[in-house]
Enquirer: 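Okay, handing you the structure first.
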Protein chains: 2
Amino acid sequence: MTEVRWLDEREQRAWRSLMVMQDGLSEFLDRQLRTRCGLSDADYQVLAHLSEAPDGRLRPFALGGLLRWEKSRLSQHLGRMEKRDLVVRERCLTDQRGSVVVITGRGRELIEVAAPQHVADVRSAIIDLLTPAEMRTLEAVGDKVRARLEQLESGNPGIDPTE
Amino acid sequence: MTEVRWLDEREQRAWRSLMVMQDGLSEFLDRQLRTRCGLSDADYQVLAHLSEAPDGRLRPFALGGLLRWEKSRLSQHLGRMEKRDLVVRERCLTDQRGSVVVITGRGRELIEVAAPQHVADVRSAIIDLLTPAEMRTLEAVGDKVRARLEQLESGNPGIDPTE
DNA sequence: AGGCGGTGGTTCACATGTCAACCAACGGCT
DNA sequence: AGCCGTTGGTTGACATGTGAACCACCGCCT
């Protein structure tokens, strides 16, 4: 592996375009949520998962799994959300170590206002611009990349075709 | 606008797939850079732009434009990079308010080691998995979305087709 | 029973990003 | 020259993310 395969024109353009879209999208969606509902994107994700769970309650480790968050991040964030009365932590009855996160009434009200606006934003920023074919491609690419990342992160370096 | 157009199955899948890919990709690339070169993704972007600029020097506001960063973020980040001897700030001769950021020798060494590895990571995580058609689609979608975001952020709410 | 590695969670110190306030210099205008 | 709105940049207070250390409890094993 002596020489570097730089990105050619096409590859550059696709990559940059994707990155810029990425930044722009998350910045836009986060700002909309924040200014219109006082929720960060992180808050939204947490509330969304909780509101879909039975009784609006989840064990932190389960929530962490859904969000793919580090446990310390989750703990910190839940602490802040608890102060703002969006969630409460209760002791877990079946496991004395753990706790259960529960969405509050206020949390539920907020997510129910935020969700339709958020979906509308996602639609108007991207989904409604896509043809069915583009949608399929995005899904396929996303899945391929995720699978590849799991492979890479599990210590498999991938096969060098020149080998 | 009384009723909400939720995302249907296809739309959900495409959207989630994109978001997950997005998170996974940036996390992966950032971690690779960090562990292998001691550079964050932000550091990398800054050094990359500087190293491509004539004499490795840029006015902060120009750099900020390229990166699409808030000026305070840039200022804070440059401060940290200066402490690590990756860049230096010099007074600007033509504008007494401003300064010029210059990449240091060490900064240049680092980016020259990091760049090939970074490109290899980008390739192996995504670019090399894509067909030419997929690449074109990604570019097209990215461009559409960016254009749309600019429209949205310039106060244009978009047209409601039911109107 | 009692030892013990693994798990669920929290906490601390620290890196990073954001917003608003601030300051000095620029440059156009009279 | 002198005023004044704008621009380039920094700063401080604060919100958020990360990694490591820590703690209590679980559950298995003998």
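A note on names: the letters A, B, ... follow the listed sequences, proteins ahead of strands, and every chain is numbered from 1.
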Enquirer: Has A:Arg59 got a side-chain N or O lying under 4.0 Å from the OP1 or OP2 atom of C:dG9?
Expert: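 A:Arg59 to C:dG9 OP1/OP2: side-chain N or O found under 4.0 Å.
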Enquirer: Using a cut-off of strictly less than 4.0 Å, decide whether A:Arg89 has a side-chain nitrogen or oxygen near OP1 or OP2 of C:dG8.
Expert: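 Looking at the OP1 and OP2 atoms of C:dG8, neither is under 4.0 Å from any side-chain N or O of A:Arg89.
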Enquirer: Which sits closer to the 5' end of DNA chain C, B:Thr94 or B:Ser40, going by the nucleotide each is nearest to?
Expert: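 The residue mapped nearer the 5' terminus is B:Ser40.
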Enquirer: For DNA chain D, whose closest nucleotide is more 5', that of B:Gln76 or that of A:Asp95?
Expert: B:Gln76
Enquirer: Distance check: side-chain N/O of B:His77 vs OP1/OP2 of C:dT16, anything under 4.0 Å?
Expert: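 Checking C:dT16 against B:His77, no side-chain N or O comes under 4.0 Å of OP1 or OP2.
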Enquirer: Rounded to the nearest 0.5 Å, what separates atom CD in A:Gln76 from atom NZ in A:Lys71?
Expert: 13.0 Å
Enquirer: Starting from C1' on C:dG8, measure out to CG on A:Leu74 and report it in whole angstrom.
Expert: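 Roughly 11 Å, once rounded to whole Å.
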Enquirer: A:Ser99 side chain: which of D:dT7, C:dA20, C:dT10 is closest?
Expert: C:dT10
Enquirer: Rounded to the nearest 0.5 Å, what separation is found between the CG atom of A:Asp143 and the CG atom of A:Leu138?
Expert: 10.5 Å
Enquirer: Rounded to whole angstroms, how far apart are CZ on B:Arg73 and C1' on D:dG9?
Expert: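 The answer, rounded to whole Å, is 17 Å.
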Enquirer: Would you say B:Arg84 places a side-chain N or O within less than 4.0 Å of OP1 or OP2 belonging to C:dA15?
Expert: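 Indeed not, no polar side-chain atom of B:Arg84 lies that close.
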Enquirer: Students often get this wrong, so: under 4.0 angstrom with heavy atoms, is A:Arg31 touching a base, only sugar-phosphate, or nothing?
Expert: sugar-phosphate
Enquirer: CG of A:Leu39 versus P of D:dA15: gap in Å, rounded?
Expert: 16 Å
Enquirer: So A:His77 and A:Trp69, would you call those rings parallel, tilted or perpendicular, with 30° and 60° as cut-offs?
Expert: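 Ring orientation, 0 to 90° scale: perpendicular.
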Enquirer: Let me know the distance between CD of B:Gln96 and P of D:dT6, rounded to the nearest Å.
Expert: 23 Å
Enquirer: From CD of A:Gln45 over to P of D:dG17, roughly how many Å is that when rounded to an integer?
Expert: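 After rounding, the reported distance stands at 11 Å.
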Enquirer: Between atom SG of B:Cys37 and atom CG of B:Asp43, what is the distance when rounded to the nearest 0.5 Å?
Expert: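 Result: 10.5 Å between the selected atoms.
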Enquirer: Let me know the distance between CG of B:Leu33 and P of C:dT16, rounded to the nearest Å.
Expert: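 Checked: the CG to P distance equals 13 Å.
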Enquirer: Among the nucleotides D:dA20, D:dG9, D:dC25, which one has an atom lying closest to any side-chain atom of B:Lys71?
Expert: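 When the side chain of B:Lys71 is considered, D:dG9 is the closest of D:dA20, D:dG9, D:dC25.
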Enquirer: In whole Å, what is the span from the CZ atom of B:Arg34 to the C1' atom of C:dC14?
Expert: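 It works out to 12 Å between those atoms.
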Enquirer: For C:dT16, take OP1 and OP2 only and decide whether either is under 4.0 Å from a side-chain N or O of B:Arg80.
Expert: yes
Enquirer: Please report, rounded to the nearest Å, how far the C1' atom of D:dT10 is from the CD atom of B:Glu70.
Expert: 14 Å
Enquirer: Going from CD1 on A:Ile103 to CG on A:Leu50, what distance comes out if it is rounded to the nearest 0.5 angstrom?
Expert: 5.5 Å
